[in-house]
Structures are given as C-alpha cells and as structure tokens.
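Okay, so here's the structure we're looking at.
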Amino acid sequence: MASKGQLESLTEEAICSICLDFFTDPVILECGHNFCRSCITRYWETEERNSCPECRAVFADRTLRVNRALVNLAEKARNLNLYPKGKESKLHCEEHEEELKLFCETDKTLICVICAVAEEHREHRFRPIKEAVKNYMEEAHRKRRISDDVQELSVTDEALPVKKFDRFYLSNTVLRETLDAINRVSVTLDVETAHPYLEVSEDRKSVRRTGTWRNLPDTGKRFTNRACVLGSEGFTSGRHYWEVEVTGNRVWSLGVAAESVERKGLFSLSPETGFWVIERVGDVLHRDYDVFGIPSPESRLAAGPIPGRVGVYLSYESGTVSFYNAETKSRLHTFTGNKFTGKLYPFFRTVNVNQWLRICSGSAPGL
C-alpha cells in the first residue's frame, strides 16, 4: 500500500500550477514545465510574449507537445480521488486551520476570517479572494506593463506571501502591481564596518579577504572577529532587492543584519542574534551557524546547484528575508514571521583569500 507521503507526491505531480486541479490534456513546454493545454493557452492570450509561468523562459513560437505520461498519471490520481477540487484542495490558514477566504490588500497575502480580526491585520484593507483576482486582472490588462523588469524581478515571486492561490491569476498579477514598490537597491559597502582582513574596492561595490591584517581605526562599527562588512544604507521599511556575484568563492555568507548586532566577540549568524543570512560552506548551503562557525546538519538547505549569483530580497513590513539563485530564478530559502523593529543593513562575509564578492544588481538593465 502506498504511504501518505507517496500519495501526496503523486498528487503534486498530477496538478497544474495554473488551475491547481488535476491536469486536463497536459502539454509540456520547451523548458520542461507542464500545464493544461487550456490553461497555458489562456495564459498566453493575456501575455505579449510566449513565456513560461514557472521559469519565465520565452519561446519563439507556441509549440505544445502532449505529455502522455502526465495524462495517465492525472487520470490515476483522479480515479483515486486523492485531491478533489472544491473540498480538500481548498487552502487553509496554517495558524487557525480555517479556509483562506480573504485577500489582505495591505500585506498582499491570503488570510482567513480569524486572521482578519487579529492585531497584525486590524487596520488593513480586505477583499474576497474572487473579487481581488478579478480586480487585479482587469488592472493588469489595462496597464499592460509586462516588460523585462518583470523578468528581472520574477525571482521575488515567491517572496510575496501570496501562498499557492492560483499562481497565474493572483501572484503574478500582484507582482506586477507592486514592482514600483520594490526598491531594487544599488548597494554600496560601508568601509567603516569592514573587518581589517577585508579590502573594499574603490567603488565600494566589491569586497575580498586579503592575507594581511590592516591597522584601522575602531569606529565602534567595525567587525573585528569575523570577516564581515555591512552595506552603507540601512532600511526601516519597504521592499528591497539586490544581487551579489559569488562565483569563485567556496565560503561566504549573505543576507541582512540588524544595526544592533555584536561586532567584536564570538556570535552566531542566526535570527536570534540579528542576522538573517544563508552561507555556503564547500558544496553545501546553510541557513545559519553557531558561535564557533560550525554549521549544524539541521541548518542545511535543500540540495541543488550552487548559485554563481545570489539575490537577496527584504520585505520589512511582512518580516520576510528571501534568497534566490538569480541565474535560475529559483528560491533558496526564506526567513518568515519576523517582526523587524530597528534598521537592517545588507550583510556580507567572505573567507576565501583574494576572491571577490561583487554587488551587481545596481548595474543591471532597468534599475
């Protein structure tokens, strides 16, 4: 007999990410992603180009090939009644286990009726989900602002807390509507915070570790134990995104740090100490490590290709910090549920000697 996990895996494989129901006449795109024929056709009717809703790959023509393996898989899942649409498939609030029926206009997230009366949403604006979908779709059609900026920032798609509700009709539309509110930051480095082993480039866009300890004035801002440096500009509100080239570095840490973090003694890079970072150690990515700089097995992120460029996304009001492989537009990790109260700064740490970390989002087209 199949286990619950196996059945859930079967269900996920058999569901279209646009309509969130079992595949009907599934087709496969050149990029390898699958959709119902009617779903992808309807999606392309609203687009100015033939792109994939999942990875944003753009195709020269609308070639659709039937995925016969998925036809059989979806039919088996449908016959087993694993995930019938309309009942079990309804999304529920993880905290209150109530059905998600409302869309919070303020936080751009789906909530239940209990969430709506909670303190964090008390002064916010709500709409029924169906009404929100309709309004956002109408506005998206009116503005028709689908451009390369959307492709450049599509990595933030999952950072916006829209859950799984109809990824095409809601999350992508909300993303387009909030592009102007996302500040794609041209980060520069604060040399007064740089550890004595670190060298910051003249344009303050790159940093590397040297083998020489420099005698530098201690301004009180400088890291003296770990080879870290902060960005020059701190944030107390808004949504911010930047990218860092990490190619050639086998040990690095990136993310955001609170202004109040420890800078002199031993400290762990964890949310509890004011650091929201991921790090690479060899061929493994971790979400934090302890005071002795030793990652724990529990801190490992899901296995995948090591990125050459990492995107960092901060949404201050929603308490979210997300990381992306900027080359594949895939999410690496997200810290959620934080209540930020002070100023947060871009954070960088490098261990490999003479290997540069380069901030590259500031020079990208459209910024």
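Predicted, not measured: the structure shown is a model, and the values here were computed from it.
When the side chains of ILVMFWY residues are joined at heavy-atom separations under 4.5 Å, either directly or via intervening members, Ile359 and Val191 end up in a single hydrophobic cluster. Leu301 and Val321 fall within a single hydrophobic cluster, where Ile, Leu, Val, Met, Phe, Trp and Tyr are joined by side-chain heavy atoms under 4.5 Å apart, directly or via other members. Both Phe323 and Tyr316 are part of a single hydrophobic cluster, where members link through side-chain heavy atoms under 4.5 Å apart. Follow the hydrophobic side-chain contacts under 4.5 Å out from Leu230 and you never reach Val351; the two are in separate clusters. Taken together through direct or relayed side-chain contacts under 4.5 Å among Ile, Leu, Val, Met, Phe, Trp and Tyr, Ile40 and Phe59 form part of one hydrophobic cluster.
A donor-acceptor pair is defined here as one N or O able to donate and one able to accept, closer than 3.5 Å; such a pair exists between the side chain of Arg62 and the backbone of Trp44. Judged purely by atom type and a 3.5 angstrom limit, Asn354 has no side-chain atom pairing as donor or acceptor with the backbone of Arg208. Side-chain atoms of Ser315 do not come within 3.5 Å of backbone N or O of Thr320 as any donor-acceptor pair. Side-chain N or O atoms of Thr210 include none that pairs as donor or acceptor with a backbone N or O of Glu199 at under 3.5 Å. The backbone N or O of Thr336 lies less than 3.5 Å from no partner atom in the side chain of Thr334, so there is not a single donor-acceptor pair. Judged by distance alone, the side chain of Arg204 and the main-chain N or O of Gly231 form no donor-acceptor pair under 3.5 Å. A donor-acceptor pair is defined here as one N or O able to donate and one able to accept, closer than 3.5 Å; such a pair exists between the side chain of Asp218 and the backbone of Gly220. Between the side chain of Asp25 and the main chain of Cys36, no donor-acceptor pair closer than 3.5 Å is present. Here the side chain of Glu243 pairs no donor or acceptor atom with the backbone of Glu245 at under 3.5 angstrom.
Using a 4.5 Å heavy-atom cutoff, the side chains of Phe348 and Val187 are in contact. With contacts defined as side-chain heavy-atom distances shorter than 4.5 Å, the pair Val71/Pro26 qualifies. A heavy-atom distance below 4.5 Å is found between the side chains of Leu332 and Pro307. A 4.5 Å side-chain heavy-atom check between Thr273 and Glu262 finds every atom pair outside the cut-off. The shortest distance between side-chain heavy atoms of Asn67 and Val27 does not fall below 4.5 Å. With contacts defined as side-chain heavy-atom distances shorter than 4.5 Å, the pair Trp276/Leu344 qualifies.
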* To do: Begin from the C-alpha positions of Glu327 and Arg309 and carry the test salt bridge (charged side-chain N to carboxylate O under 4.0 Å, His left out) through to its verdict.
  => CA-CA 6 Å; Glu327 298 166 317; Arg309 178 184 290 198; over 6 Å; no
* Given the rule in the salt bridge (charged side-chain N to carboxylate O under 4.0 Å, His left out) test, do Asp283 and Arg250 qualify, once you have shown the distances and angles that lead to the verdict? -> CA-CA 7 Å; Asp283 292 327; Arg250 290 184 61 79; 3.5 Å; yes
* After noting the C-alpha distance and the side-chain angles of Val66 and Arg37, does the key distance pass the side chain to side chain contact (heavy atoms under 4.5 Å, CB included) rule? -> CA-CA 9 Å; Val66 176; Arg37 184 184 295 274; 3.4 Å; yes
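Annotation for Lys221 and Arg263: closest pair O-NH1, 2.7 Å, computed over non-hydrogen atoms. Nearest approach of Gly274 to Val261, heavy atoms of both residues: O-CG1, 3.4 Å. Leu189 and Lys205 get closest at one heavy-atom pair: CD1-C, 4.4 Å. Closest approach of Ile306 and Val284 over heavy atoms only: CD1-N, 4.2 Å. Nearest heavy atom pair, residue Ala194 against residue Val200, reads CB-CG2, 4.1 Å.
The distance from atom CG of Asp190 to atom CZ of Arg222, rounded to the nearest 0.5 Å, is 8.5 Å. The distance from atom CZ of Arg349 to atom CH2 of Trp252, rounded to the nearest 0.5 Å, is 11.0 Å. Here CG of Leu70 is found 11.5 Å from OG1 of Thr24. Values are rounded to the nearest 0.5 Å. Atom OG of Ser318 sits about 8.0 Å away from atom CZ of Phe340, to the nearest 0.5 Å. Atoms OG1 and CZ, on Thr350 and Arg280 in that order, are 11.0 Å from each other to the nearest 0.5 Å. Taken from CD in Glu30 to CD1 in Ile28, the straight-line distance is 10.5 Å, to the nearest 0.5 Å.
Using the six-membered ring where Trp is involved, Phe347 and Phe275 have ring planes that are perpendicular, over 60° apart on the 30 and 60° scheme. Between Tyr197 and His195, the ring planes lie parallel to each other; the angle is under 30°, not in the 30° to 60° tilted range.
Relative to the ring axis of Phe267, Arg226 places its NZ or CZ within 45° and under 6.0 Å from the centre.
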